[in-house]
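Residue numbers start from 1 in every chain, and the chains themselves are labelled A, B, ... in the order their sequence lines are given, proteins ahead of strands.
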Amino acid sequence: MSQCGGFHSMATNCKDYDFLQIEPYWQSFWEKSKSFRAENGSTKPKYYILDMFPYPSGAGLHIGHPEGYTATDILARYKRARGLNVLHPIGWDAFGLPAEQHAVKTGTHPATNTQNNIVNFRRQIKALGFSYDWDREVDTTDPTYFRWTQWIFLQLFRRGLAYVDERPVWWCPELRTVLANEEVIDGRSEVGNFPVERRNLRQWVLRITAYAEQLLDGLKQVDWPDSTKRMQEAWIGRSEGAEVVFGLEDPSLGKLKVFTTRPDTLFGCTYMVLAPEHPLVPQLTTPAQQPLVDAYRKKTANKSDLERTDLAKEKSGVFSGSYAINPINNSRVPIWIADYVLMGYGTGAIMAVPAHDERDFEFARQFQLPITRVIEAPDGSPELPYAGDGKVVNSPGYDGLAWPEAKKKITADLAARGLGKGTVNYKLRDWLFSRQRYWGEPFPVVWVSETDYRHAASVRTDLPAEPVTFTENGQVHYALPLPDAALPLVLPDVKSYLPSGTGESPLANETAWLEIWLNVVTGASVPASAPRPSGNEWIRGRRETNTMPQWAGSCWYYLRYLDPQNPRAIASPEALKYWDVPDLYVGGAEHAVLHLLYARFWHKVLFDLGIVPQNEPFRRLFHQGIILGEDGQKMSKSRGNVVNPDDIIRKYGADSLRLYLMFLGPLEAMKPWNPQGIEGVHRFLRKVWRECLTEEGTINPRLSAAGQLSADTERLLHETIRKVGEDIEGLRFNTAISQMMILLNALQKETALPRPAILDVLRLLAPFAPHLAEELWARLGESGSIMSAGWPTFDPAKLVATSITIVIQVNGKHRGEVTAPVGASESDLLALASANPKVSPHLADKAVKRTIYVKGRLLNILV
RNA sequence: GCCCGGGUGGCGGAAUGGUAGACGCUGGGGACUUAAAAUCCCCUUUCCGCAAGGAAGUGUGGGUUCGAGUCCCACCCCGGGCACCA
């Protein structure tokens with residue numbers, strides 16, 4: 001109860017709009033009465049509205065968070081008012097680098113810092129009056145949560161979707177960890193902006209490429225911004241083409257396989273290119289070319305990817321000395337080695353068709369290689385390279401075909417001879433899933449010997465069809481998953497949070513946790529330094545030292561909200577069925593390809609496992625725009641243009657902040673913060689207050705049960721009820737607010753104010769400014785929370801005006817307007833227009849040639 | 001280079017192909033007040049005009065249409081994404 005308690009038992013009794021008193025009062029009221037609890041097992045229709053949960057950084061809530069969160073909160077409150085069982089949850093994506101870096105610096109456990117930050121975030125979020133169901137809060141670092149993150153990993157592992165590979169990865173010496181491709185921007189780390197380099201390290205990799213086609217396909221069925229769908233499409237990067245097998249001049253060296261999207265240009269292939277890392281390069285290099293090739297390979301190996309992919313630079317390459325045989329015409333083509341061909345895509349080798357590929361063209365010109373035109377431009381233009389449509393030429397047997405036809409025919413002909421086949425390639429790479437870090441989910445995997453693995457396989461049914469192995473110093477290690485029952489595998493306490501620096505995480509130094517006797521049946525363990533427990537199910541093992549990336553916990557959190565305390569499953573089948581997937585997911589566009597692709601991948605795997613009932617997790621997605629600083633620049637500490645929600649709340653209140661964030665402009669737009677603008681919405685709220693209460697804090701005597709609005713204002717009220725509802729559904733909060741302002745300006749001018757009208761206003765305003773709406777609702781003597789008062793309805797009959805204003809144009813120019821009864825005919829209007837003093841001069845002495853009448857709006861008279 | 005999104009007053013923005021600039025901010029004037037704050041009223045795209053009124057006007061240039069901020073074509077600028085993926 002607030003300190004000003006007293007007469008009104010259900011509200012504060014402050015005299016003026018004292019938001020600092022009102023807002024905490026209602027927040028604690030909601031908390032105590034569990035107003036926002038979503039009910040499992042309800043018979044009501046549901047509405048699930050999801051925010052992207054935040055990483056609880058030490059800096060606290062940024063003004064961008066409440067923008068999206070206010071939008072979803074308005075919708076959640078609106079849907080509740082309409083009688084739906086609303087699930088609106090929040091949680092913490094709390095594993096991550098900043099907490100770990102803080103731990104490295106201070107020596108305190110990252111969990112401590114993380115929990116402090118969460119407390120602060122929770123306070124700030126509650127101060128904004130968001131209607132989250134706090135009983136469903138999740139925290140990705142909580143063992144009862146990450147137990148299921150690990151469990152899902154085990155499902156992936158069991159299905160052969162997780163494997164270990166030694167591969168070149170981005171290594172950041174400063175952060176002492178590897179980073180995913182997506183975490184590297186222009187050769188520097190996204191976090192911290194440190195330089196990165198290539199290193200070969202043993203890594204866990206998830207086979208997301210196995211789902212490339214499904215991930216692409218599923219985009220057709222979701223209601224997402226087009227730009228985001230296109231970004232994912234481009235990221236997956238499907239291309240249809242063919243693998244073509246070239247013979248080698250020296251048949252003893254085998255064959256050379258290339259991928260091309262344009263098999264129709266096979267006659268135009270004048271040379272081949274292998275990536276410097278291609279395994280055939282050493283055999284194909286002739287002794288005479290050996291020194292050149294070696295030097296070139298060495299040079300490219302030291303190049304960063306940034307240098308290698310810099311388009312501005314000249315192409316480089318060397319001749320191998322060998323030749324391949326074109327399978328279509330047996331011509332002899334030289335084999336070159338060049339770094340513009342990437343080992344990671346296709347087969348790492350290409351057939352170069354300089355006439356019709358810009359990159360090949362550039363290379364051919366640089367090294368004076370022949371260029372043969374095989375596609376004719378429709379206009380006969382001789383210009384090369386030519387990548388457009390046209391007919392095939394200089395290709396005996398195929399001349400005259402349109403290129404797509406030739407592509408099919410040549411592919412089929414090669415396939416018939418066993419020299420090629422149609423294939424599909426994707427740019428999407430498997431997902432590098434491990435980090436050499438402490439502050440992440442440990443992998444529930446123990447490395448064991450082959451013998452022990454075989455033993456385990458004889459007593460366990462949850463191992464993958466093919467064992468996951470890794471060879472080190474000639475010894476093969478087998479990855480043995482912990483049984484489900486042994487989860488969660490929690491992090492041990494460590495002495496230092498600093499990565500080992502050798503590519504292993506700080507966990508590698510925790511011998512007692514790391515080197516163990518493992519019970520293969522139960523997953524129980526004892527330190528290897530202790531005597532081996534008796535029983536033949538105990539084997540020697542070493543735990544995996546990598547941890548999972550931050551993306552892991554956020555891949556499935558929307559499912560845990562459905563049934564967050566369930567100890568037996570990620571969520572019960574009933575909850576998964578009832579709540580289904582989110583009806584709306586709101587979050588920043590910066591996650592367009594990472595989080596949103598990874599989560600879709602996991603969801604599809606869970607679908608295939610029969611755990612979730614749908615194959616796409618996010619049916620409707622919306623990106624809120626970014627709020628820029630006052631100076632129109634991105635907000636940042638260094639620019640000093642950061643807006644802190646706490647300051648705004650102190651000065652204007654949470655309701656004003658919520659309203660202003662929504663009034664700033666369209667939700668999806670990027671828009672600058674204007675510190676003066678908030679005055680406008682704050683004045684509006686005070687105006688609402690004054691319409692309801694006097695300066696003494698008593699009910700405004702202007703309000704009466706008997707009063708009657710003027711016809712125009714009555715219509716405006718119904719129009720506003722209609723528009724606010726529609727605008728909320730369409731996420732057009734800015735126009736909903738301006739409509740309420742228009743209504744209030746009109747109500748203010750009315751002589752009497754019928755009580756039902758002002759109660760409607762409060763119910764419309766409640767999702768936007770919930771504290772004020774609750775307070776005034778109670779102070780006007782209404783019982784219960786305004787949230788249980790439903791949503792006002794409008795009467796369509798009241799929307800129809802009795803008279804209309806018609807704009808009169810003469811020859812398309814606006815010349816005046818006339819007022820006419822609703823049923824006025826075109827000729828009535830023409831007569832009215834001719835009589836109108838503003839219009840008549842423009843009609844004088846001229847014959848009316850034609851009129852165009854837009855019903856109820858406009859009459860255009862052509863003379 | 002390629003793919004998206006966007007250019008409207010001093011500012012944020014509003015406009016199913018039908019009165020461009022709603023709503024709000026800023027600025028100016030006025031009322032109330034001893035004064036201030038708060039509140040209320042009027043004005044606030046540009047140009048011409050004392051006014052009535054007129055003309056121009058939604059990045060630029062064309063086009064379609066009775067009528068274009070909105071549709072089409074070309075271009076300029078800003079923002080985002082991708083970038084030797086054969």
Side-chain angles (χ1 to χ4, degrees), chain A residues 16 225-235 237-239 241 258-262 265 273 275 308-313 315 338-342 344-353 356-360 362-363 425-429 589-590 592-593 623 625-626 628 630 632 634 659-660 663-666 668-684 686-687 690 695 732 734-742 744-745 748-749 805-817 838 841 849-863:
Chain A
D16 55 357
D226 274 349
S227 57
T228 305
K229 286 204 240 183
R230 261 189 284 265
M231 276 167 72
Q232 290 214 350
E233 268 167 33
W235 192 263
R238 181 184 200 275
S239 10
V258 300
F259 174 73
T260 176
T261 54
R262 296 294 301 273
T265 61
V273 184
R308 240 182 108 155
T309 57
D310 183 2
L311 275 169
K313 75 161 170 58
K315 294 228 177 336
D339 66 1
Y340 81 91
V341 171
L342 309 174
Y345 183 78
T347 62
I350 61 156
M351 59 177 227
V353 184
H356 305 291
D357 181 283
E358 211 167 307
R359 299 151 299 184
D360 296 346
E362 197 190 319
F363 189 83
N425 254 302
Y426 301 91
K427 286 185 200 172
L428 183 71
R429 307 295 156 85
E590 65 273 19
V593 278
H623 298 306
I626 298 171
L628 304 171
E630 220 180 309
K634 227 174 196 161
L659 213 56
Y660 186 50
F663 188 63
L664 226 40
E668 68 275 20
M670 187 184 269
K671 52 223 166 222
W673 177 263
N674 173 359
Q676 284 168 325
I678 195 167
E679 294 282 358
V681 293
H682 186 65
R683 274 177 210 153
F684 166 68
R686 305 232 315 238
K687 220 183 267 189
R690 286 198 312 272
E695 283 175 26
R732 293 181 300 269
N734 54 332
T735 50
I737 293 166
S738 72
Q739 182 68 27
M740 288 189 281
M741 287 172 166
I742 292 168
L744 205 76
N745 288 344
Q748 218 176 3
K749 292 185 178 75
T805 301
I806 303 290
V807 169
I808 305 298
Q809 291 185 344
V810 178
N811 289 340
K813 278 194 192 258
H814 175 218
R815 294 302 180 183
E817 52 266 347
K838 283 189 187 173
K849 283 190 216 145
R850 187 182 156 196
T851 58
I852 293 124
Y853 179 47
V854 182
K855 199 163 183 311
R857 304 202 69 137
L858 171 144
L859 181 71
N860 190 3
I861 304 165
L862 303 187
V863 293

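- Using the Watson-Crick or G-U wobble rule with both distances under 3.5 Å, B:rC66 pairs with B:rG18.
- The side chain of A:R683 contributes an N or O atom lying less than 4.0 Å from OP1 or OP2 of B:rC25.
- For A:K813 and B:rU19, the NZ to C1' distance is 14 Å, given to the nearest whole Å.
- Taking the C1' atoms as reference points, B:rU34 lies 29 Å from B:rC43, given to the whole Å.
- Considering A:V863, A:I861, A:L862 as possible partners of A:T851, the one that fulfils the side-chain contact (heavy atoms from CB on, under 4.5 Å) test is A:I861.
- Distance, A:I626 CD1 to B:rG6 C1': 14 Å, rounded to whole Å.
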Protein N or O to nucleotides 65-67 of chain B N or O, pairs below 3.5 Å:
residue : atom : partner : partner atom : Å
B:rC66  : O2   : A:N860  : ND2          : 2.4

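- Among the protein residues, A:V258 comes within range of no part of the nucleic acid, since none of its heavy atoms lies under 4.0 Å from any strand.
- At the heavy-atom level, A:R857 lies under 4.0 Å from base atoms of the strands shown.
- Separating the CD1 atom of A:I861 from the C1' atom of B:rG18 is a distance of 14 Å, rounded to the nearest angstrom.
- When all heavy atoms of A:L659 and A:V681 are compared, the pair lying nearest together is CD2-CB, 4.0 Å.
- In this structure, the NZ atom of A:K634 is 17 Å from the P atom of B:rC78, given to the nearest Å.
- Projected onto RNA chain B by closest heavy-atom contact, A:F259 and A:I742 fall at different nucleotides, the more 5' of which corresponds to A:I742.
- Nearest to the side-chain atoms of A:W235 among the listed nucleotides B:rC82, B:rA55, B:rA86 stands B:rC82.
- Regarding the sugar-base torsion, B:rG59 falls in the anti class, its angle being beyond 90° of 0.
- Taking A:S227 as the reference, A:P225 meet the side-chain contact (heavy atoms from CB on, under 4.5 Å) condition, with sequence neighbours excluded.
- Residue A:K687 places its side chain closer to B:rC40 than to any other of B:rC3, B:rG53, B:rC40.
- Look at the P atom in both B:rC77 and B:rG59: the space between them is 16 Å, to the nearest Å.
- Atom CG in A:L628 sits about 13 Å away from atom C1' in B:rG6, given to the nearest Å.
- In this structure, the CD atom of A:Q748 is 5 Å from the P atom of B:rC40, given to the nearest Å.
- Across all strands, A:R815 comes closer than 4.0 Å only to sugar-phosphate atoms, never to a base (heavy-atom distances).
- Of all non-hydrogen atoms in A:D360 and A:A352, the two that sit nearest each other are OD2-CA, 3.3 Å.
- Counting non-hydrogen atoms under 4.0 angstrom, A:K229 reaches nothing in the nucleic acid.
- The side chain of A:Q676 has B:rU26 as its nearest neighbour among B:rA55, B:rA15, B:rU26.
- Within the shown strands, B:rG12 is the pairing partner of B:rC23 under the Watson-Crick or G-U definition, both distances less than 3.5 Å.
- Contact of the A:W673 side chain with the A:L664 side chain is registered, since non-hydrogen atoms from C-beta on lie closer than 4.5 Å.
- Here the closest non-hydrogen pair linking A:K427 and A:W235 is CB-O, 3.9 Å.
- Across B:rA86, B:rC84, B:rC40, the shortest atom-to-atom separation from the side chain of A:R690 is found for B:rC40.
- Across all strands, A:N745 comes closer than 4.0 Å only to sugar-phosphate atoms, never to a base (heavy-atom distances).
- Comparing A:D226 and A:V807 by the nucleotide of RNA chain B that holds the closest heavy atom to each, the one mapping nearer the 5' end is A:D226.
- The side chain of A:V854 lies closest to B:rG18 when the candidates are B:rG18, B:rU19, B:rU39.
- For the P atoms, the distance linking B:rA56 with B:rG69 amounts to 13 Å, nearest Å.
- Within 4.0 Å of A:K849, counting heavy atoms only, lies no atom of the nucleic acid at all.
- At a threshold of 4.0 angstrom between heavy atoms, the contacts of A:S239 are confined to the sugar-phosphate backbone, with no base atom among them.
- The backbone N or O of A:P666 lies less than 3.5 Å from a partner atom in the side chain of A:K671, making a donor-acceptor pair.
- Each of B:rA38, B:rA56, B:rA14 was ranked by its minimum atom distance to the side chain of A:T735; first place goes to B:rA14.
- Of the candidates B:rA86, B:rG54, B:rU19, B:rU19 carries the atom nearest the A:H814 side chain, counting heavy atoms from C-beta on.
- Side chains of A:Q748 and A:R690 form a contact here, defined as non-hydrogen atoms less than 4.5 Å apart.
- Side-chain atoms of A:T265 and A:D357, non-hydrogen and from C-beta on, never get closer than 4.5 Å to each other.
- Heavy-atom minimum distance, A:R262 versus A:M351: O-CE, 3.7 Å.
- Across B:rG81, B:rC41, B:rC84, the shortest atom-to-atom separation from the side chain of A:M231 is found for B:rG81.
- Comparing the same atom, C1', in B:rU26 and in B:rG12 gives a spacing of 11 Å after rounding to whole Å.
- At distances below 3.5 Å, at least one donor-acceptor pair connects side-chain atoms of A:Q232 with backbone N or O atoms of A:A592.
- As rounded to the nearest Å, B:rA15 and B:rA68 have C1' atoms that lie 13 Å from one another.
- Atom CD of A:E233 sits in a crowded spot, with more than 12 heavy atoms from other residues, nucleotides or ligands closer than 6.0 Å.
- Annotation: B:rA20 and B:rG13 have their C1' atoms spaced 13 Å apart (nearest Å).
- Base pairing of B:rG79 is made with B:rC4, judged by Watson-Crick or G-U wobble geometry with both donor-acceptor distances under 3.5 Å.
- Put simply, the side chain of A:N860 gets close to the backbone of A:G812: a donor and an acceptor are under 3.5 Å apart.
- Side-chain N/O atoms of A:Y340 include none lying less than 4.0 angstrom from OP1 or OP2 on B:rA86.
- B:rG1 and B:rG61 have their C1' atoms separated by 26 Å, with the value rounded to a whole Å.
- With B:rC84, B:rU19, B:rC23 as the choices, the nucleotide that has an atom nearest any side-chain atom of A:D339 turns out to be B:rC84.
- Proximity of a side-chain donor or acceptor of A:Y660 to a complementary backbone N or O of A:P675 within less than 3.5 Å is not detected.
- Spacing of C1' atoms, B:rU58 relative to B:rU46, comes out at 13 Å, to the nearest Å.
- Summarising the geometry, the separation between CZ on A:R230 and C1' on B:rC2 is reported as 13 Å, rounded to the nearest angstrom.
- Remark: B:rU39 base-pairs with B:rA31. Criterion, Watson-Crick or G-U wobble with two distances under 3.5 Å.
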Protein N or O to nucleotides 8-13 of chain B N or O, pairs below 3.5 Å:
residue : atom : partner : partner atom : Å
B:rG12  : O2'  : A:L664  : O            : 2.5

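- With rounding to whole Å, A:E630 atom CD is found 13 Å from B:rC25 atom C1'.
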